[in-house]
Amino acid sequence: MQWETVIGLEIHAQLATQSKIFSGASTAFGAAPNTQACNVDLGMPGVLPVLNREAVTMAVRFGTAINAQLGMRSVFARKNYFYPDLPKGYQISQFELPIVGKGQVEIMLDDGAVKVIGVTRAHLEEDAGKSLHEDFHGMTGIDLNRAGTPLLEIVSEPDMRSAVEAVAYAKKIHQLVRYIGICDGNMQEGSFRCDANVSVRPVGQAEYGTRAELKNINSFRFLERAINFEVERQIDLIESGGEVVQETRLYDADKDETRSMRSKEEANDYRYFPDPDLLPVEISDAMIDEVKSALPEMPDMRRERFESEFELSRQDAESLTASREMADYFETANGIAGDAKLTANWIMGELSAAMN
């Protein structure tokens with residue numbers, strides 16, 4: 001039997017604000033454990049959250065960049081679950097009324113083909129703390145510095161059909177959030193991480209198979225390997241007479257395998273309800289116009305301009321616009337050198353080699 005892979009990604013981009021989404025505590029990375037968690041982050045009695053306006057602006061910036069529907073009125077909800085690094089016993093997130101609705105992103109595959117991936121929604125939420133399992137002799141330490149850090153969770157449609165497509169999409173979102181200045185994209189520090197929902201179905205079947213969620217992957221290479229392993233695991237399981245169970249799985253990079261963490265929850269398991277401490281967020285047309293006017297030239301548009309204006313190849317233009325910093329540097333250098341092809345070759349050759 002021939003099988004088709006179905007993949008959707010949930011990407012968590014940490015927003016580049018100086019303070020947390022509902023408190024004035026710092027979001028700087030690398031501080032000593034529990035030194036950047038205030039009473040609001042700790043969920044102490046009597047404290048009240050205050051929304052960070054800059055986080056809202058950054059979410060609108062992303063929605064505008066992908067030509068998405070914007071929620072002119074969005075609502076924060078409480079997502080209830082217990083975990084040691086979630087001191088309030090709930091996470092403030094958005095559910096039925098997110099700030100960013102449907103949009104789309106184009107990805108380019110290795111053969112030059114372009115595919116459109118739908119974005120279902122992008123919503124604001126606070127991050128949880130971090131459980132530390134090393135050096136505690138069988139116990140777990142809790143670091144709440146990350147608790148309350150603003151996240152934009154970007155949820156795709158299940159439009160990807162291979163690990164290669166999933167990686168191309170993740171890289172495109174990574175490029176985009178860095179281009180528009182809302183996330184530093186540092187995967188080693190956890191600023192950009194992915195959950196992959198993976199299922200398989202017989203070729204030609206319309207309904208989706210049972211999915212497994214691969215949690216908190218912070219490397220493009222690991223994302224590809226995790227998806228490929230999970231696809232093979234599910235196919236082998238079905239062909240041997242078993243059934244795929246809907247669950248959350250962890251990818252172990254050392255063993256190059258996924259393993260079960262817990263059964264996968266549905267939305268009703270979290271008992272969402274509107275947060276009584278936070279008013280609905282209403283954005284205006286004036287705010288949207290202001291955000292649009294401040295957006296930089298998008299990567300795809302810049303690549304096309306480099307091809308036409310500087311007569312560069314598609315491959316060269318793609319490489320030069322991979323990051324906003326590289327593209328800016330090329331334009332500045334070319335303004336001095338006056339030879340676009342020579343400048344491009346030097347940047348992608350000698351300069352890149354020296355930097356690496």
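Residue numbers count from 1 along this sequence.
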Can you list the steps and then say if R146 with D85 is a salt bridge (charged side-chain N to carboxylate O under 4.0 Å, His left out)?
CA-CA 10 Å; R146 203 172 66 182; D85 56 22; 5.5 Å; no
Verify the neighbour count for atom NZ of K172: are there more than 12 heavy atoms of other residues, nucleotides or ligands below 6.0 Å?
yes
Taking every heavy atom of S323 against every heavy atom of R178, the minimum-distance pair comes out as CB-NH1, 3.9 Å
Can V100 and L70 be said to form a side-chain contact (heavy atoms from CB on, under 4.5 Å), step by step?
CA-CA 5 Å; V100 177; L70 293 174; 4.2 Å; yes
Indicate yes or no: does R161 engage E4 in a salt bridge with an N to O separation below 4.0 Å.
yes
Can you check whether D159's main-chain N or O pairs, donor with acceptor, with K115's side chain at less than 3.5 Å?
yes
Is there a donor-acceptor contact under 3.5 Å from the side chain of Y251 to the main chain of F229?
no
Take R78 and D275, measure what salt bridge (charged side-chain N to carboxylate O under 4.0 Å, His left out) needs, and give me the verdict at the end.
CA-CA 5 Å; R78 291 187 180 181; D275 193 301; 3.1 Å; yes
Of the non-hydrogen atoms in P33 and D143, which two are nearest, and what is the gap between them?
CA-OD1, 3.4 Å
Is R61 reaching over with its side chain to a backbone N or O of L295, donor-acceptor style, under 3.5 angstrom?
no
Any donor-acceptor pair under 3.5 Å linking the side chain of N334 with the backbone of E331?
no
Closest heavy-atom contact between H123 and P98?
CB-CB, 3.9 Å
Less than 3.5 Å apart, any donor N or O on the side chain of E10 or N197 sitting next to an acceptor on the other?
yes
Donor-acceptor under 3.5 Å (T17 side chain, A55 main chain)
no
Verify side-chain contact (heavy atoms from CB on, under 4.5 Å) between F22 and L278, making sure each step is shown before the conclusion.
CA-CA 10 Å; F22 299 118; L278 288 161; 3.7 Å; yes
Looking at K292 and D285, is there a salt bridge between them, counting it only when a charged N and a carboxylate O are closer than 4.0 Å?
no
Between V177 and Y179, is there shared hydrophobic-cluster membership here, with clusters defined by ILVMFWY side-chain heavy atoms closer than 4.5 Å?
no
Residues passing the side-chain hydrogen bond (donor to acceptor under 3.5 Å, both in side chains) test with T210, sequence neighbours excluded, are none
Is there a path of hydrophobic side-chain contacts, each under 4.5 Å between heavy atoms of I, L, V, M, F, W or Y residues, that connects I173 with M301?
yes
Within the 4.5 Å heavy-atom criterion, are E165 and L109 side-chain neighbours or not?
yes
L223, I11, L151 screened by side chain to side chain contact (heavy atoms under 4.5 Å, CB included) with R193, the one that passes:
L151
Any chance you could measure N34, atom CG, to Q36, atom CD, to the nearest 0.5 Å?
10.5 Å
Is atom CG of D110 surrounded by more than 12 heavy atoms (other residues, nucleotides or ligands) closer than 6.0 Å?
no
May I ask you to check whether E239 and W3 show a side-chain donor-acceptor distance below 3.5 Å?
yes
So which heavy atom on E54 is nearest to which on N52, and how close?
N-OD1, 3.0 Å
Taking N145 for its side chain and A32 for its backbone only, find out whether a donor-acceptor pair lies under 3.5 Å.
yes
Does either side chain, that of Y90 or that of R271, offer a donor lying less than 3.5 Å from an acceptor on the other one?
no
Please confirm whether the backbone N or O of Q69 pairs with a side-chain atom of K102, one donor and one acceptor, at under 3.5 Å?
no
Taking all non-hydrogen atoms of both residues, which atom of D41 and which atom of A25 are closest, and how far apart?
OD2-CB, 3.4 Å
Answer whether the closest heavy-atom distance between the side chains of K215 and R262 falls below 4.5 Å.
yes
Connected via hydrophobic side-chain network under 4.5 Å: M298 and V291
yes
For the backbone of L237 and the side chain of S240, can you confirm whether one donor and one acceptor N or O come within less than 3.5 Å of each other?
yes
Check the pair I21 / L51 against side-chain contact (heavy atoms from CB on, under 4.5 Å), numbers first and verdict last.
CA-CA 6 Å; I21 189 169; L51 179 59; 4.0 Å; yes
Out of the candidates K20, K88, Q91, only one should pair with E126 under the side chain to side chain donor-acceptor pair (under 3.5 Å) rule; please name it.
K88
Members other than L86 in its cluster, when Ile, Leu, Val, Met, Phe, Trp, Tyr link by side-chain heavy atoms under 4.5 Å?
Y81, Y83, F95, Y270, Y272
So do P274 and L97 actually touch side chain to side chain, heavy atoms under 4.5 Å?
no
Can you pull the ring pair (Phe, Tyr, Trp, His ring centres under 6.0 Å) pairs that have at least one residue in residues 126-158, sequence neighbours excluded?
none
Starting from F29, can I reach L144 by hopping between I/L/V/M/F/W/Y residues whose side chains sit under 4.5 Å apart?
no
Cluster companions of F306 among Ile, Leu, Val, Met, Phe, Trp, Tyr (side-chain spacing under 4.5 Å):
F310, L312, L320, M326, Y329, F330, W346, I347, M348, L351, M355
Within the distance-only criterion (no hydrogens, no angle test), does the side chain of D195 pair as donor or acceptor with the backbone N or O of N216 below 3.5 angstrom?
yes
According to a hydrophobic-cluster definition based on side-chain heavy atoms being under 4.5 Å apart (Ile, Leu, Val, Met, Phe, Trp, Tyr only), do I227 and I235 belong together?
yes
Kindly compute the distance separating CD (E297) from CD (E304), expressed to the nearest 0.5 Å.
9.5 Å
Side-chain heavy atoms under 4.5 Å apart, restricted to Ile/Leu/Val/Met/Phe/Trp/Tyr: what other residues fall into the cluster of V164, or is it alone?
none
From CA spacing to verdict: side-chain contact (heavy atoms from CB on, under 4.5 Å), F76, I92:
CA-CA 6 Å; F76 282 100; I92 302 177; 3.8 Å; yes
Any chance you could measure R259, atom CZ, to E257, atom CD, to the nearest 0.5 Å?
6.5 Å
Value rounded to 0.5 Å, distance of CG in D316 from CD in E311
12.5 Å
So the ring pair (Phe, Tyr, Trp, His ring centres under 6.0 Å) pairs with at least one residue in residues 184-215 (sequence neighbours excluded) are H174-F192
State the OG-CG distance between S23 and L48, to the nearest 0.5 angstrom.
12.5 Å
Check: T120 side chain, S156 main-chain N or O, donor-acceptor pair, under 3.5 Å:
yes
Nearest-0.5 Å distance, OG1 of residue T343 to CD1 of residue I336:
9.0 Å
After noting the C-alpha distance and the side-chain angles of R303 and D300, does the key distance pass the salt bridge (charged side-chain N to carboxylate O under 4.0 Å, His left out) rule?
CA-CA 5 Å; R303 186 203 70 239; D300 290 346; 3.4 Å; yes
For residues A163 and N228, report the shortest heavy-atom separation together with the two atoms involved.
CB-OD1, 3.4 Å
Criterion side chain to side chain contact (heavy atoms under 4.5 Å, CB included) against E153, the qualifying member of H12, Q94, R121:
H12
Within a radius of less than 6.0 Å around CD of E309, do more than 12 heavy atoms belonging to other residues, nucleotides or ligands occur?
yes
